[in-house]
There are 2 protein chains.
Amino acid sequence: MRHDEIEEMRTLPLFVGVASTHVESMLRASFLQRFPAHVELAREGDPADFLHVIIDGQIEMYSAYRDRETTISVIGPGHSFIVAAVILDRVYLKSARALLPSRVLLIPAEAVRRSFGEDAAFSRALALELAGAYRSVVRELKNQKLRSSLERLANWVLTHDGESGGTGRFELPFDKKVLASRLGMAPEVLSRSIAALIPYGVKVSGRAVEISDMGALTGLAHPSPTIDGTVS
Amino acid sequence: MRHDEIEEMRTLPLFVGVASTHVESMLRASFLQRFPAHVELAREGDPADFLHVIIDGQIEMYSAYRDRETTISVIGPGHSFIVAAVILDRVYLKSARALLPSRVLLIPAEAVRRSFGEDAAFSRALALELAGAYRSVVRELKNQKLRSSLERLANWVLTHDGESGGTGRFELPFDKKVLASRLGMAPEVLSRSIAALIPYGVKVSGRAVEISDMGALTGLAHPSPTIDGTVS
DNA sequence: CGGTGCCTTGAACTCACTCAACGCGCGTGG
DNA sequence: CCACGCGCGTTGAGTGAGTTCAAGGCACCG
């Protein structure tokens, strides 16, 4: 890594309050790597070699079983992944692939565990990160077990609109195929579910989404603070 | 709490390596409470007042949405719950009820957060606890999204047998109704799925389960280390 | 112009849910 | 001691949500 890059990485939320010697030692051992789209960054079942932090781009976390595959989450700049596997020194539970060309900071697991053991601020930061991640997955599990696919879509539209300014207009951040998998349904079902939202004032053409009747959509979606809550 | 009880609590895995002054201050503020069966200990949406540690008994973590309800997990002695909500100072995402008469240690959230901020060993213990919990939920999410209900049951039988000694015989740890909800299916579906396991050498009568053809069952279940792995 | 990939649409099918009835074991009260 | 009610589980039948397979439309890109 170049000097200016190291300086850039220092400001990562993961590192706030952490002794600069520890930040330094982790960053010195790290790589800032570029990945083209469609490339696999990590494979489930492999030992956790690196803590990954997305600098820019977009990464899909997914998992396969038999001949099936599902996406667990899609994450962007600022997010780190496989924290849990790294500090427990276990194998990855998910695979990761780049959906867009991405820059990712790779911090060797060994260095992370050392700092985790020596620096209280860092272990606290990781604990908070993990607590937030834990709650996100719990929400997602409830989303899957308690809602129909139409409800999941309606709520996704609602929260995604909220996250992108609440203007009632936004662009899908990735392909519909990926969205379908993220929401836990076949692509065909997503198509039909999108069509089923028309009576509720949601128009989707290409990647453009437009909500014209927020009340009707909310009535269908029944958003819940303990499932959709935007703040961890 | 009585003196001998405090001594008993000191040895909790959550407290290993933690400065005894901090353990002391948390325990002094805590309650060791008994709950009869069927009683609700926490309700989702409420602010996190206490970190709960099960001393003995059995607690069901569940969640409701609209007119539906699902159980997230069933946990026993030694396990703590709602760690994440406590250290983030947020609301509970799940409700908890006692399935059996239970004793639970209630540590005030405020005291936990103070020790978390001051004691490095404690924050590390919590981070590791959270990392393990995170991985469990990720496994469960994959279990739900990637497997059919028959596969989920087959794998549950397999791992539960493994956890209870791998003898091929064990007792269901709770009602079938709860198991069905835990596995994400209606009670009727569990009944039929149990019947569907007979050709694979699984006999269930009442709460007694007997596996006579481990190979056949394993062939059906296709257990995967990244879903069923018993060590976090 | 003719691919190729993404999405949509249609139709058949499957898995799981719902509703309803029934059996069974158990505890309660007559 | 028996009758009854109740909770739990099973079984059956009908329905519905979601999957799968197949074909077709459409935009983008050579």
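All figures in this text were calculated on a predicted structure; none of them were measured in a lab. Computation of the quantities below employed the complete heavy-atom set of this structure, encompassing side-chain atoms and omitting hydrogens, waters and symmetry-equivalent molecules. The chains referred to below are lettered A, B, ... by the order of the sequence lines, with proteins before strands, and numbering in each begins at 1.
A:R207 places its CZ atom 13 Å from the C1' atom of C:dG5, with the value rounded to the nearest Å. What separates CD of A:E69 from C1' of D:dT20 is a distance of 17 Å, to the nearest Å. D:dT10 atom C1' lies 11 Å from atom CG of B:L190, rounded to whole Å. The distance between atom NZ of A:K145 and atom P of C:dC17, rounded to the nearest whole Å, is 11 Å. The CZ-P distance, from A:R152 to D:dG18, rounds to 7 Å in whole Å. Spacing between atom CZ of A:R147 and atom P of C:dC17 amounts to 18 Å, rounded to whole angstrom units. In this structure, the CD atom of B:Q144 is 15 Å from the C1' atom of D:dG18, given to the nearest Å. Rounding to whole angstrom units, CG of residue B:L99 and C1' of D:dC8 are separated by 15 Å.
Rounded to 10 degrees, the angle separating the terminal axes of the helix from C:dC1-D:dG30 to C:dG30-D:dC1 is 20°, with each axis obtained from five end pairs.
Take B:D228 and apply the salt bridge (charged side-chain N to carboxylate O under 4.0 Å, His left out) test, not counting sequence neighbours, and it matches B:R147. With sequence neighbours excluded, the residues satisfying ring pair (Phe, Tyr, Trp, His ring centres under 6.0 Å) with B:H160 are B:W156, B:F170. Every residue two or more places apart in sequence or in another chain that forms a side-chain hydrogen bond (donor to acceptor under 3.5 Å, both in side chains) with B:R207 is listed here: B:D175. In this structure B:S80 satisfies the side-chain hydrogen bond (donor to acceptor under 3.5 Å, both in side chains) test together with B:E129, sequence neighbours excluded. Taking B:R34 as the reference, nothing meets the side-chain hydrogen bond (donor to acceptor under 3.5 Å, both in side chains) condition, with sequence neighbours excluded. For the side-chain hydrogen bond (donor to acceptor under 3.5 Å, both in side chains) test, no residue two or more places apart in sequence or in another chain qualifies with B:D67.
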Atom pairs, N/O to N/O, protein against nucleotides 14-17 of chain D, distance under 3.5 Å?
none

Please list, for nucleotides 24-30 of chain D, all pairs of protein and nucleotide N/O atoms separated by less than 3.5 Å.
none

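Other residues, nucleotides and ligands contribute over 12 non-hydrogen atoms within 6.0 Å of the CZ atom of B:R68.
Donor-acceptor pairing under 3.5 Å, judged by distance alone, is present between the side chain of A:R192 and the base of D:dT20.
Pairs passing the side chain to side chain donor-acceptor pair (under 3.5 Å) check and including a residue from residues 94-104 of chain B, sequence neighbours excluded, read A:Y134-B:K94, B:D56-B:R103, B:E60-B:R97, B:E69-B:R97.
Counted by atom type alone, B:T226 and B:K142 present one or more donor-acceptor pairs between their side chains at under 3.5 Å. In this model, no donor atom of one side chain and acceptor atom of the other lie less than 3.5 Å apart for A:E44 and A:Y65.
Judged by closest nucleotide on DNA chain D, B:H38 is the one of B:A195 and B:H38 placed further toward the 5' end.
With hydrogens and angles ignored, the 3.5 Å screen pairs no side-chain donor or acceptor of B:R169 with any backbone N or O of B:D161.
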Could you go through residues 178-187 of chain A and list every donor-acceptor pair under 3.5 Å that involves a side-chain atom there, pairing it with any protein atom two or more places apart or in another chain?
{"unit_1": "A:S181", "atom_1": "OG", "unit_2": "A:T71", "atom_2": "N", "d": "2.8"}
{"unit_1": "A:R182", "atom_1": "NH2", "unit_2": "A:E140", "atom_2": "OE1", "d": "2.5"}
{"unit_1": "A:R182", "atom_1": "NH2", "unit_2": "A:E140", "atom_2": "OE2", "d": "3.2"}

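A heavy atom closer than 4.0 Å to some atom of DNA chain D occurs in A:M185, A:A186, A:E188, A:V189, these being the qualifying members of residues 170-189 of chain A.
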